[in-house]
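These notes are about the structure you will find just below.
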Amino acid sequence: MSKPAILVARAVFPEVIALLEQHFQVDDNQADLPLTSQDLAQRLQGKTGALTTGSERIDAAALDAAPSLRICANMAVGFNNFDVQAMTVRGVLGTNTPDVLTESTADFGFALLMAAARRVSESEHYLRAGKWGRWSYDLFAGSEVHGSTLGILGMGRIGQGIARRGAHGFGMKVIYHNRSRLSRQLEADCRARYVDKDELLETSDHLVLVLPYSPASHHAIGAAELARMKRTATLINIARGGIVDDAALALALREGRIAAAGLDVFEGEPKVHPGLLDVPNVVLTPHIASATTPTRMAMAKLAAENLIAFLGGGRPLTPINPEVLK
Ligand code: DGY
């Protein structure tokens with residue numbers, strides 16, 4: 001019997017391609033050539049499965065071009081690149097990679113928080129530019145991290161990881177806002193107190209965004225929300241571009257309406273709003289929050305295991321639209 005055909009839309013670890021080749025005829029993109037939506041639709045034709053990343057949009061047009069497609073395994077926990085409804089009505093399963101990236105992503109959220117609050121990037125650029133003449137009492141004085149108030153918007157697994165780091169490692173008071181409250185047990189583990197969004201904005205010294213992107217969370221932080229924050233506050237976005245109005249944030253940073261920001265994700269990335277490139281008090285990184293080698297390997301393997309399980313007639317580990325399995 002011939003093996004099912006799958007597309008691996010981006011370059012991944014060679015070991016993962018080798019694993020997939022044991023089960024499938026693999027059309028890979030190890031050259032990592034950018035695929036336009038037309039290229040993607042064309043490469044999906046005749047495929048039963050696809051391993052995708054956040055860069056590939058799986059929408060009605062892509063699905064209609066690939067009537068034999070049964071599963072798209074995203075190598076990401078976020079899946080806003082999937083039109084889940086369009087997939088479900090066509091009986092196409094989506095899977096993602098939760099859990100395996102939680103701790104590395106929480107580490108990185110904390111790294112950005114520290115870098116923004118303590119002005120790590122800004123002071124390094126100053127030093128590299130040869131501007132360091134002598135010590136002064138206020139040279140790159142930033143905001144305190146330990147003992148301050150850490151706000152978290154979106155309290156899923158990664159938000160909880162950041163809360164635990166703040167509360168247990170840095171003695172921070174943790175407050176959070178989420179669509180639903182955590183159980184008492186989880187609130188106690190994270191030493192986190194539920195507050196409304198206004199209190200979160202007004203009270204946080206450091207506000208970390210970890211909520212999923214959806215039309216409802218589009219510009220959850222815009223000019224009005226930034227105006228409610230403390231002038232000394234830092235804002236960290238490791239969630240998704242589009243949750244922050246980047247133009248409004250660039251202006252707020254330029255005008256000193258908040259002290260600093262750390263951004264790993266951007267509206268329309270890989271493009272970055274030019275206003276953000278111009279202001280010194282923001283740390284900018286290219287969507288790397290989950291990028292440690294072991295974590296990226298675990299994400300790739302989980303995506304591969306989802307394909308192997310489902311196309312082998314078993315149950316995938318992390319389905320997004322399990323109704324398709326019924
Ligand atoms: C995710 O997993 O959603 C990350 O943003 C991709 O690295």
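Because the structure is a prediction, the values reported are computed rather than measured. Reckoned from all heavy atoms, side chains included, excluding hydrogens, waters and symmetry mates.
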Handout entry: ILVMFWY network linking Val84 to Leu307, side-chain heavy atoms under 4.5 angstrom
Key = no

Exercise for the section: Establish whether Leu251 and Leu249 are linked, either directly or via other cluster members, by ILVMFWY side-chain heavy-atom contacts under 4.5 Å. Expected result: no

Handout entry: Polar contact flag, side-chain donor to acceptor under 3.5 angstrom, Asp107-Ser104
Key = no

Look only at the side chain of [X] and the backbone of [Y], and say whether a donor-acceptor pair between them is shorter than 3.5 Å.
X      : Y      : answer
Asn81  : Thr53  : yes
Asp39  : Thr36  : yes
Asp138 : Ala141 : no
Ser217 : Ala220 : no
Ser148 : Val145 : yes
Asn96  : Asn74  : no
Asp28  : Gln30  : yes
Thr97  : Ala76  : yes
Arg165 : Gly161 : yes
Gln160 : Met155 : yes

Quick one: are [X] and [Y] in side-chain contact, heavy atoms under 4.5 Å?
X      : Y      : result
Ile243 : His219 : no
Leu311 : Ile6   : yes
Leu153 : Val208 : no
Val265 : Ile238 : no
Arg57  : Ser37  : no

Exercise for the section: Could you go through the ring pair (Phe, Tyr, Trp, His ring centres under 6.0 Å) check for His273 and Phe266 one step at a time? Expected result: CA-CA 8 Å; His273 190 284; Phe266 304 88; over 10 Å; no

Neighbour count >12 (heavy atoms, 6.0 Å) for atom [atom1], [X]:
X      : atom1 : result
Arg179 : CZ    : no
Arg118 : CZ    : no
Lys47  : NZ    : yes
Gln85  : CD    : no

Should the pair [X]-[Y] be classified as a salt bridge under the 4.0 Å nitrogen-to-oxygen rule?
X      : Y      : value
Glu202 : Lys197 : no
Glu21  : Lys3   : no
Lys173 : Asp205 : no
Glu124 : Arg119 : no

Practice task
Go through the steps for Tyr176 and Val195 under the test side-chain contact (heavy atoms from CB on, under 4.5 Å), then give the verdict.
Solution key: CA-CA 6 Å; Tyr176 77 98; Val195 295; over 6 Å; no

Practice task
Any chance you could lay out the side-chain hydrogen bond (donor to acceptor under 3.5 Å, both in side chains) test for Arg10 and Ser55, step after step, and finish with the verdict?
Solution key: CA-CA 9 Å; Arg10 296 292 308 276; Ser55 326; 3.0 Å; yes

Write down the atom of [X], the atom of [Y], and the distance for their closest heavy-atom approach.
X      : Y      : answer
Asn80  : Arg240 : OD1-NE, 2.8 Å
Phe82  : Gly94  : CE1-CA, 4.0 Å
Gly242 : Glu267 : N-CG, 3.3 Å

Exercise for the section: Might you work through the salt bridge (charged side-chain N to carboxylate O under 4.0 Å, His left out) test for Arg164 and Glu103, ending with a clear yes or no? Expected result: CA-CA 10 Å; Arg164 287 195 309 273; Glu103 299 303 329; 2.9 Å; yes

Problem - Pair listing, ring-ring contact (aromatic ring centres under 6.0 Å, His included) test, anchored in residues 95-134, at least two apart - result: Phe110-Phe170, Tyr126-Phe140

Practice task
Assess whether salt bridge (charged side-chain N to carboxylate O under 4.0 Å, His left out) is satisfied between Glu15 and Lys301, documenting all intermediate values.
Solution key: CA-CA 9 Å; Glu15 300 91 308; Lys301 280 193 171 154; over 6 Å; no

Handout entry: Residue that, paired with Val8, satisfies side chain to side chain contact (heavy atoms under 4.5 Å, CB included) out of Thr52, Asp27, Ile17, Asn29
Key = Ile17

